[in-house]
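Remember, predicted model here, so these are calculated numbers, not experimental data. Just follow the structure's listing: the first ligand is 1, and inside any ligand the first atom is 1.
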Amino acid sequence: MKDLSIYIHIPFCKEKCYYCDFLSFRRGEDYFEDYIKALLNEIDIFANTYKNIYKIKTIFIGGGTPSILPTGYIGKVMDKLFSCFFIEDDAECTIEANPGTLTYDKINHYKQNGINRISLGLQAYQNYILKNIGRIHTKEEFLKNYELIRKVGFNNVNVDIMFSLPNQTLEDFNYTINKIKSLDVEHISVYSLILEENTKFYDMYKKGEFVEVDEKLDRKFYHNAIDNLTNYGYNMYEISNFSKKGKECKHNIVYWERGEYVGFGLGASSLLEEKRIKNTENISEYIKGNNKKEIEELSLEDRQSEFMFLGLRMNKGISKHKFYDIFNQDIKDVYGKQIDRLILDKLIIEDGDNIKLSKKGLDLANTVFVEFI
Ligand code: SF4
C-alpha cells in the first residue's frame, strides 16, 4: 500500500480576521449539519476506489476554524476516516483550533477520537494587537485553552505566531516568543503578515488607513525569531517552522516533499497520481454533492519545478540524488544555470548531496523560488 495524507477543510470561523483570505465564512451554523454530511459522502466516494491502494500517514483538519464545530462533529469525521481507510498506528492527526472556541469537552472529544496534535492560533501575546488584527480571543483565553489541552494529555502542540503586525514592536514580538518558549510547546510556526486582497486590511490599505511594515523591520522580526528560537534549542526545519526534536509537522513535510495527499471539503486540494485536483469553492454546490473538481495534469517540468521550490523551503534543502532517482535526469542538466547563478549570488549553497537556502537566501526565498517556476 502507498502512503497518503488526508486534509479536511472546515470553512467556518466565528469572525473573519482582518488579514485572512483563507476560504472561510463567518459563523455558518446553519450549514454545519449539511456540510459534514457532504464531507462524509465525499470521503466515502473516494474510499470506494482508493481504500485498498493507500494507507494513511497523516490527517490534518484545518480551516477555517475546525474547533468552531460543536462537540461530536469531529468524532463523526474521524469515525468515517477510521472506517474507510487503513490508518497507521503512529499516524499524526492534527486539528487546528482557535482560542475562544475550545472547551474541555471538545478537547477531550478530540483525544477520544484519535486526534493527537493540536495547532493553536495565538498570533500575539498582547490583547491590543489581537484586537487590532480582528482575532476573537484574548491572551488569557489562549492560556486557559492551552492549559486545558495539556490537562487532557496532548503532548504535541503547535502555536502559530505572527510578526509585522500593525503597531507591533520588536519588544512585543520577543515577549510573545518568550512566553511561548516558557510554555514548552513542541512546535512553533512563525509567519509574517502578508497584505492580501479581499481582506479588511486591504480595504484599509486602499483608503490609506493601513501602512505595511517596511522590509528592513520585517526582516529584523524574522531574524529575531530565528535567533531566539534556535538559541533555545528549537530546530528550524522549514522557513517558518520550528520544532523540538521529533516533533516536526509530518503532514506539512508531505506537502513540501510532494508526497501524495487528498483534500476533502470545500476548496480542498489534492496531489494524487501526479495530478493537482481542487474542489469547488461554492458551498451550495458542495453541499449538493457537486464537488466540480478542477484537475491539472502535471507535466515533467511542473513536477521538477515543484520539487525544487517546495523542497527548498526545508532547511535540509533538496537532494540531488533524489532528483535523479525520481526524474532520471541530473539536476544540473535541468537547472544547472539557475543553480550556478544562485550560488554566485550567495542565495543557495551546495552541501554534499544537498542544495539549500543560505542565510541570505532565507531572506530572499521568493527570489530563489521564482528561478525554478
Ligand atoms: S481564524 Fe484563521 S481561518 Fe478564520 S479568519 Fe482567522 S486566520 Fe482566517
Side-chain angles (χ1 to χ4, degrees), residues 7-32 35-36 39 60-70 73-74 77 94-103 106-107 110 115 117-146 149 157-166 168 173 176 180 187-205 210 240-241 249 251-252 255 263-269 278-279 281 283 286:
Y7 174 76
I8 304 275
H9 192 66
I10 306 293
F12 309 111
C13 292
K14 242 184 174 169
E15 296 293 339
K16 201 75 193 164
C17 302
Y18 299 167
Y19 54 86
C20 178
D21 72 339
F22 291 169
L23 181 60
S24 70
F25 307 101
R26 281 180 70 232
R27 299 168 192 269
E29 286 86 347
D30 293 348
Y31 286 115
F32 289 173
Y35 184 79
I36 296 297
L39 185 65
F60 195 102
I61 305 179
T65 304
S67 55
I68 199 175
L69 294 175
Y73 283 109
I74 297 300
V77 174
T94 305
I95 188 163
E96 283 185 331
N98 200 357
T101 59
L102 281 176
T103 59
K106 279 189 191 176
I107 301 167
Y110 300 156
I115 302 282
R117 183 173 185 270
I118 295 193
S119 177
L120 259 183
L122 165 65
Q123 317 315 351
Y125 205 76
Q126 293 78 22
N127 287 339
Y128 87 94
I129 295 180
L130 293 174
K131 207 169 160 218
N132 278 348
I133 61 175
R135 298 291 295 180
I136 56 163
H137 57 88
T138 60
K139 63 178 184 184
E140 289 79 12
E141 281 170 307
F142 161 78
L143 205 53
K144 204 171 131 208
N145 282 176
Y146 182 79
I149 287 169
V157 179
N158 168 61
V159 175
D160 285 343
I161 59 173
M162 293 177 78
F163 58 87
S164 292
L165 299 171
Q168 183 185 35
F173 184 53
T176 300
I180 303 306
H187 190 285
I188 304 175
S189 297
V190 185
Y191 300 108
S192 170
L193 174 72
I194 309 277
L195 187 60
E196 303 282 4
E197 284 182 29
N198 301 319
T199 60
K200 177 158 177 172
F201 276 159
Y202 195 76
D203 294 343
M204 289 166 68
Y205 171 76
F210 177 91
S240 305
N241 286 285
C249 177
H251 186 84
N252 284 341
Y255 294 155
F264 297 119
L266 193 71
S269 300
K278 194 170 182 303
N279 282 1
E281 296 194 354
I283 191 157
Y286 183 79

Tyr110-Arg117 side chain donor-acceptor pair, cut-off 3.5 Å: no
Pair Glu140, Asn127: side-chain N/O donor-acceptor within cut-off below 3.5 Å: yes
Between Asn241 and Ser189: side-chain donor-acceptor atoms closer than 3.5 Å: yes
Closest protein heavy atom to atom 5 (S) of ligand 1, given as residue, atom name and distance to 0.1 Å: Cys17 N, 3.2 Å
For atom 8 (Fe) of ligand 1, the protein heavy atom that lies nearest, with its residue and separation: Cys20 SG, 2.3 Å
Pair Ser24, Lys16: side-chain N/O donor-acceptor within cut-off below 3.5 Å: yes
Protein residue, atom and distance nearest to atom 3 (S) of ligand 1, heavy-atom basis: Gly64 N, 3.3 Å
Aromatic contact, Tyr18 with Phe210 (centres under 6.0 Å): no
Thr65: numbered ligand 1 atoms lying under 4.0 Å from its heavy atoms: 1 (S), 4 (Fe)
Close approach, Arg135 and ligand 1, non-hydrogen under 4.0 angstrom: yes
Identity and separation of the nearest protein heavy atom to atom 7 (S) of ligand 1: Tyr19 OH, 3.5 Å
Test item: Pro99 and Leu120 side chains (from C-beta on) under 4.5 Å apart, heavy atoms: yes
Atom pair OG/CG of Ser240 and Asn252 - distance to nearest 0.5 Å: 10.0 Å
Metal check, atom 4 (Fe) of ligand 1 vs Cys13 N/O/S, cut-off below 2.8 Å: yes
Any Gly121 heavy atom less than 4.0 Å from ligand 1: no
Proximal atoms of ligand 1 relative to Asn98 (non-hydrogen, under 4.0 Å): 1 (S)
